[in-house]
Amino acid sequence: MTLEKRPNALLKFFFRIPVWMHKLGVGGWERLIGAQWMLITTVGRKSGKPRDTMVDVMDYDAASDTYYIEAAYGSRADWYKNMQANPVFEVRVGRRKFQASATPLTNEGAGEMMVQFFRKKPAYTRSVMAMVGMKFEGEEELRVLGSKLTLLAVTPVK
């Protein structure tokens, strides 16, 4: 499952604000609202130009230096398609900047990651999911919903 309906102009504008703020050097402010975001710069698969998008960091595993993110529009997202065409991309998390690659999680892993994210940030999870039209009653329903989403493990390229 991915989001079927593309965001309207107002929602697109709203989603671009964090990108502009990061580009102005104000990355990391999202922690004030209990979130962590990742600015991804891919190379456009058709244009060859840099393309920016902001995604939620659902979790970070310091031992493996792996960030876990979600692609709301799955394989239909332009930035995801750009990653497929050019698998190494630039990432900024707070003040950290590095070259990275991404690997999709299994369906089971994605479902479990959604539940873990919800346990850490229940209000944030519900509000973000509601903003894009996804609602769930409990953890099991979220696990099933999450298993149908595209979650990625992002790691630095060494």
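Residues: numbered from 1 along the sequence shown. These figures come from a predicted structure and were not determined experimentally.
- With sequence neighbours excluded, the residues forming a side-chain hydrogen bond (donor to acceptor under 3.5 Å, both in side chains) with K120 are D59, listed by chain and number.
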When you look at K121 and V128, which way does the side chain to side chain contact (heavy atoms under 4.5 Å, CB included) test go after all the steps? CA-CA 11 Å; K121 301 175 182 183; V128 169; over 6 Å; no

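- The structure places CG of L152 at 12.0 Å from OG1 of T66, a figure rounded to the nearest 0.5 Å.
- At a threshold of 4.5 Å between non-hydrogen side-chain atoms, the residues V91 and Y67 do not count as touching.
- Taking OG1 from T53 and CH2 from W37, the interatomic distance works out to 12.0 Å, rounded to the nearest 0.5 Å.
- For the atom pair OG of S101 and NZ of K158, the computed distance is 10.0 Å after rounding to the nearest 0.5 Å.
- Within the 4.5 Å cutoff, no side-chain heavy atoms of L39 are placed close to those of K97.
- Without hydrogens or angle criteria, N82 side chain to T42 main chain gives no donor-acceptor distance under 3.5 Å.
- By the criterion of side-chain heavy atoms lying less than 4.5 angstrom apart, applied directly or through intervening Ile, Leu, Val, Met, Phe, Trp or Tyr residues, V154 is not grouped with V43; the two fall into different hydrophobic clusters.
- Going from atom CZ of F136 over to atom OG1 of T125 covers 6.0 Å, rounded to the nearest 0.5 Å.
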Can I get a per-line list of side-chain donor-acceptor pairs under 3.5 Å for residues 103-119, giving both atom names and the distance, sequence neighbours left out?
| from | atom 1 | to | atom 2 | distance (Å) |
| --- | --- | --- | --- | --- |
| T106 | OG1 | G109 | N | 2.9 |
| E112 | OE1 | R143 | NE | 3.1 |
| E112 | OE1 | R143 | NH2 | 3.2 |
| R119 | NE | E139 | OE1 | 3.2 |
| R119 | NE | E139 | OE2 | 3.1 |
| R119 | NH2 | E139 | OE1 | 2.7 |

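- Once rounded to the nearest 0.5 Å, the distance linking NZ of K148 with OG1 of T150 reads 13.0 Å.
- Between the side chain of R51 and the backbone N or O of I40, no donor-acceptor pair lies under 3.5 Å.
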Derivation of the side chain to side chain contact (heavy atoms under 4.5 Å, CB included) call for M54 and M38: CA-CA 6 Å; M54 188 73 70; M38 174 183 286; 5.7 Å; no

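- Summarising the geometry, atom CG belonging to D56 is positioned 10.5 Å from atom CG belonging to L151; distances are rounded to the nearest 0.5 Å.
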Given the rule in the side chain to side chain contact (heavy atoms under 4.5 Å, CB included) test, do V93 and Y60 qualify, once you have shown the distances and angles that lead to the verdict? CA-CA 11 Å; V93 179; Y60 174 67; over 6 Å; no

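- Listed here is the closest heavy atom pair of F89 and T41: CB-O, 3.4 Å.
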Would you check, one step at a time, whether the test side chain to side chain contact (heavy atoms under 4.5 Å, CB included) holds for V144 with E140? CA-CA 6 Å; V144 171; E140 193 50 43; 4.0 Å; yes

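- Scanning all heavy atoms of the two residues, the minimum distance from A71 to W79 falls at CB-CZ2, 3.5 Å.
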